[in-house]
Amino acid sequence: MQNASPLKKTIVQLRQWVWRLYESGRCLALFHGHAVSDARGPPGSNMLLRLHQIDKFYPTGEGPLHVLNGIDLSLEAGKSLALTGESGSGKSTLLHLVAGLDSPDAGEIHLGGTNIVGLNDTALAALRRGTIGLVFQQFNLIPSLDVAANLAFQARLAGRPDPAWLKVLANRLGLSQVLKRYPEQLSAGQQQRVAIGRTLAARPRLVLADEPTGNLDEATGDAVLDLMLSLVAETGAALLMVTHSNRLANRLNARVHLHAGRLV
Ligand SMILES: Nc1ncnc2c1ncn2[C@@H]1O[C@H](COP(=O)(O)OP(=O)(O)OP(=O)(O)O)[C@@H](O)[C@H]1O
């Protein structure tokens, strides 16, 4: 694309963005609407997320693969939990189940007071509106929008635009000086901070992060994680974070390890 015209470049970028949207499919449904109060647990309880006896199989050429086997897990509002495990142990699968992007073969996933397993897509989307925020290793910023618009994107979709909160986030994330820049004009660390800010702007009750600093060097990754942890704590949200790094996992309130389909 080096010699391509600016228009052609924009078209290619737009195509890439549409393709990413298509790939992430139902992900976007998570970013719409309100449902924050729906995510609180039963009265008197601070429990936000509870998994009970989750089983997940994938069909493969060699027969069913039992990826998750009787998983029990719980997470309170305001707490952070690291999920570690060797490659292929099922970390992303577990995260996708919690996000409602896939369903388990057995077990219950309670988000607040509601078991989300078995809900139809409409009910899932209604429950999750604004409740879950996703942060992935790929930043998935919208190339044609500047930083300010990228930051505002999810909060707008969630129906909760809040310019004052956006300003706080931009300051805290060190992005105030680059609000008019486009994603391609940012460093990887800056892009990841925009992705985190965009998610937190919608004030999700539960943040699901899959290797959120995996693309960053150690120092930048540490700084970004620090920020994410303090912002998540300040908003009273819960964080479930997949990581390969023991060092990063130890920074969270608690950690669990997936091995051979079970949590150890
Ligand atoms: N759609 C699928 N069909 C069949 N097998 C799958 C499917 N998705 C994942 N798997 C298999 O399930 C297992 C768990 O995959 P998953 O992506 O959850 O692992 P992970 O712990 O996140 O791995 P990594 O750390 O490498 O990202 C792997 O053996 C993978 O090959």
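Just follow the structure's listing: the first ligand is 1, and inside any ligand the first atom is 1.
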*salt bridge (Lys or Arg N to Asp or Glu O under 4.0 Å) between K91 and D210, worked out*: CA-CA 9 Å; K91 303 179 296 297; D210 200 347; over 6 Å; no

_Residues in the immediate environment of ligand 1 (any heavy atom closer than 4.0 angstrom)_ =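 If the criterion is a heavy atom under 4.0 Å, then ligand 1 touches Y58, P59, L65, V67, E86, S87, G88, S89, G90, K91, S92, T93, H244.
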
*asked:* If you count heavy atoms of other groups shown closer than 6.0 angstrom to NE2 of H244, is the number above 12?
replied: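 Yes.
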
Donor-acceptor pairs under 3.5 Å, side chain of residues 232-240 to any protein atom, not counting sequence neighbours: which ones?
| residue | atom | partner | partner atom | Å |
| --- | --- | --- | --- | --- |
| E234 | OE1 | R172 | NH1 | 2.9 |
| E234 | OE2 | R172 | NH1 | 3.0 |
| E234 | OE2 | R172 | NH2 | 3.3 |
| T235 | OG1 | L231 | O | 3.2 |
| T235 | OG1 | V232 | O | 2.9 |

*Any side-chain donor-acceptor pair under 3.5 Å between Y58 and T93?*
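Judged by distance alone, the side chains do pair up.
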
*Distance in Å, D146 CG paired with L141 CG, rounded so as to fall on 0.5 Å steps*: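 Here the interatomic distance stands at 11.5 Å.
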
_F57 with V117, same ILVMFWY side-chain cluster at under 4.5 Å_ =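 No, F57 and V117 fall in different hydrophobic clusters.
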
